[in-house]
Amino acid sequence: MKKFIDSFINVWKIEELKNRILLTLGLLLVYRFGAQVTLPGIDATKLTNLTNQTDEGIGWLINVFTGGAFSQASVFALGIMPYISASIVVQLMGIAVPYLQKLQKDGESGRKKINQITRWLTILITLVQGPGYIYNLYRTLPGEAFMLTGPTFIFSSVLILVTGTIFAMWLGEKITDKGIGNGISLLIMVGIIARMPQAFIQEFSSRTSQANGGVMMIVIELILWFLVIIACILLVMAVRKIPVQYARRTVSGDFEEDMMGGNRQFIPLKLNASGVMPIIFAQAIMFIPAAVSGLAKESDTALSIAGMFNDPFGLVYNIVFALLIVIFTYFYTAITVPTNKMADDLKRSGGFIPGVKPGVETGDYLDKIMSLITFPGSLFLALVAVFPAVAVSLLGVQGAWGYFYGGTSLLIMVGVAIDTIQQINSYLLNKHYDGLMKSGKNRKAVA
C-alpha cells in the first residue's frame, strides 16, 4: 500500500503528466456539467415520465451510456454514441470499400482522412437520431413540459443535439491528444460511473428497509462484484504468447550463426481481441425483434416476442444474446486481427516462429491459434455479458445495480481503467519512477 501511495505521489512530480491529468479531469467535468443542462424550451421539473422510461430495461441501458443525459433531456442527450456508431460503420466498410482500404494503408495521412469521414458520418447519424429523440419526448412528456412547440422548437432542439454530440466528440479528441487515456472511452466510462452511486443506494435501501437480506446480503453482493471485476481484468489482459526468433547478423554473415544468435521475443495474441464490440453488435441486433413486433398488429405472438426481447434479464433474451456474442466475437476478430499481414511483417523484419516456415504457413499457424483461443474467449465474454441476469435471478439484485455485474458497462470500465493506468505507468517508468503496478502483466506490458 505504501509503495502505491509513493507511486501516486510521484505522478504529481512529473509536470507534463500532472498537467495532462488535470486537463483530463477538467474536460470530463465540463462533459458532466453539460449532461445536466436541459434543452431550451423544456421544463426541467416535469421530466418524471422520461425518468421512469429509463428506470429499467433497454431504456436504462441507453441512459447509462449517456451518463443520465438521456433522461434529463439534456443538450448531451445523445452523448457520444453517434460517434461510436459512425466509427463502427467506417470500420466495417473498410473491409469492402477499396478507398477506405487504401486510406488504412496510408499511415498518418490516411488515418486523418478516416477520422474526418467518421466525423461527417457522426453528424449524419445525429441528424437521424435527433428527430427521433424529440419525437420520443413528445410521446413521453406531458404537454405542460414544453414551453416551446412547433417547427422552431424541433429545429432548434435537433441543432442543439447535433452540436452537443459534436462538442462531446471534440472533448474526447482533446483528452486523447492533450490529456491522458482514450478520450471517447473515458467519456463513456464517466457516464457509466455517474449512474453507479444511485444504483447502489437503491439496492442498499431495498435490502435494508424491506428486510430483504440486510447488510449481510450487501456484503455478499459486493464480494461477488469484486470477483466479477477480477474475472473481467483476466479476460482483458489474457494473452497467448507466440515465441518469435529474430536473426542477428554477425560479422562472418554465417546463416547458422545468425539463427543461433537471434533475439527471442513474443507475439501476444489476446484471448479477447475484439473487446466489447461483440456485445455492442449483439445488443444492437437484440433491439430489432422488439422494434419489429412493436410495429406489428397487437397479436398474442407479437406481444409475446416484444415481452421476451424487452426483458434483458429474461431466459430467452440472454440465450439469444449469448449466441450472438459468440458469433460476433469470431466475426470481429477475423476482420480486426490480420494474421496474414502479421506474418508478412514478421518475414520482412527477419523474424520467424520456430518450427514454422515464414510466409503463408506462418499466417495459417497464427490464424489457427487465434481460432482456438477465440472460442474460450467468446464463451467467457458471453458469460460476462449475461451475468447481470444471473445476479438478478439468483440473488434478487435490483435491475439497476444488476447491470454493473457484467456486460458492456463493466467491461468498458475495466478496459478503460487498465489502459489509463498503462499510460500513466509509461510516464512514470520513462522518468525512472516505479509505476502504479509494482508487478504483474500490466507493468510488464508497459515496460
Side-chain angles (χ1 to χ4, degrees), residues 28 54 56-68 79-81 84 181-182 184-204 218-238 270-284 286 312-313 317-318 321-322 324-326 328-329 332 376-422 441-442:
L28 291 176
T54 58
E56 59 184 15
I58 302 301
W60 192 90
L61 283 173
I62 297 174
N63 193 42
V64 77
F65 282 105
T66 60
I80 202 67
M81 299 314 293
I84 300 298
N182 183 287
I184 301 299
S185 299
L186 280 171
L187 292 180
I188 298 175
M189 186 187 75
V190 167
I192 294 172
I193 292 176
R195 309 302 296 170
M196 186 183 296
Q198 181 183 356
F200 180 74
I201 290 172
Q202 291 176 351
E203 177 67 14
F204 186 85
I218 292 292
V219 173
I220 294 174
E221 289 180 6
L222 289 176
I223 292 174
L224 180 61
W225 185 55
F226 281 115
L227 291 176
V228 174
I229 290 176
I230 292 173
C232 289
I233 293 173
L234 293 176
L235 176 62
V236 171
M237 300 294 294
K270 299 188 71 173
L271 181 69
N272 178 33
S274 55
V276 298
M277 296 309 298
I279 299 181
I280 295 176
F281 285 155
Q283 195 76 72
M286 296 301 289
F313 302 117
Y317 180 99
N318 282 279
F321 190 34
L324 287 175
I325 288 172
V326 173
F328 280 123
T329 300
Y332 198 77
S378 65
L379 293 180
F380 198 0
L381 186 63
L383 178 61
V384 170
V386 302
F387 196 78
V390 177
V392 170
S393 301
L394 297 183
L395 299 178
V397 177
Q398 294 288 321
W401 177 242
Y403 283 113
F404 291 100
Y405 276 82
T408 316
S409 56
L410 189 60
L411 284 171
I412 287 176
M413 288 192 295
V414 170
V416 174
I418 290 174
D419 178 63
T420 305
I421 289 175
Q422 287 179 341
K441 295 179 180 179
N442 194 23

* To do: State the CD1-CD1 distance between I223 and I218, to the nearest 0.5 angstrom.
  => 12.0 Å

* For atom CZ of F200, decide whether the heavy atoms of other residues, nucleotides or ligands shown that lie under 6.0 angstrom number more than 12. => yes

* Kindly give the heavy-atom pair with the smallest separation between I325 and A282, and that separation in Å. => CG1-CB, 3.8 Å

* Structure fact -> Looking only at heavy atoms, the pair that brings Y332 and S274 closest together is CD2-CB, 3.5 Å

* Asked: Quick one: CD1 on I188 to CD1 on I84, what's the gap to the nearest 0.5 Å?
  -> 4.0 Å

* **Side chains of S185 and L187 in contact at under 4.5 Å (non-hydrogen atoms)** => no

* Check whether any side-chain N or O of T66 sits under 3.5 Å from a backbone N or O of N63 as a donor-acceptor pair, and report yes or no. => yes

* To do: Would you give the length of the straight line joining atom CG of N182 to atom CE of M189, rounded to the nearest 0.5 angstrom?
  => 11.0 Å

* Contact summary for G181 and T420, nearest pair of heavy atoms -> CA-OG1, 4.3 Å

* Asked: Between atom CG of L227 and atom CG of L222, what is the distance when rounded to the nearest 0.5 Å?
  -> 11.0 Å

* **Any donor-acceptor N/O pair, Y405 side chain to E221 backbone, under 3.5 Å** => yes

* To do: With rounding to the nearest 0.5 Å, note down the distance linking CH2 in W401 to CH2 in W225.
  => 4.5 Å

* Which atom names give the shortest non-hydrogen contact between L411 and C232, and what distance separates them? -> CD2-SG, 3.9 Å

* Should F404 and I192 be marked as a side chain to side chain contact (heavy atoms under 4.5 Å, CB included) after you check the CA-CA gap, both sets of side-chain angles, and the distance that decides it? -> CA-CA 9 Å; F404 291 100; I192 294 172; 3.7 Å; yes

* side chain to side chain contact (heavy atoms under 4.5 Å, CB included) between F321 and I279: does it pass, once the steps are laid out? -> CA-CA 8 Å; F321 190 34; I279 299 181; 3.9 Å; yes

* To do: Compare all side-chain heavy atoms of L186 with those of V416 and state whether any distance is below 4.5 angstrom.
  => yes

* Asked: Closest heavy-atom contact between V236 and I418?
  -> CG1-CD1, 4.0 Å

* Which atom of I193 lies closest to which atom of M413, heavy atoms considered -> CG1-SD, 3.7 Å

* Asked: Does the side chain of L235 come within less than 4.5 Å of V414's, by heavy atoms?
  -> no

May I have the list of side-chain donor-acceptor pairs in residues 376-384 shorter than 3.5 Å, sequence neighbours left out?
from, atom 1, to, atom 2, distance (Å)
S378, OG, T374, O, 3.2
S378, OG, F375, O, 2.7

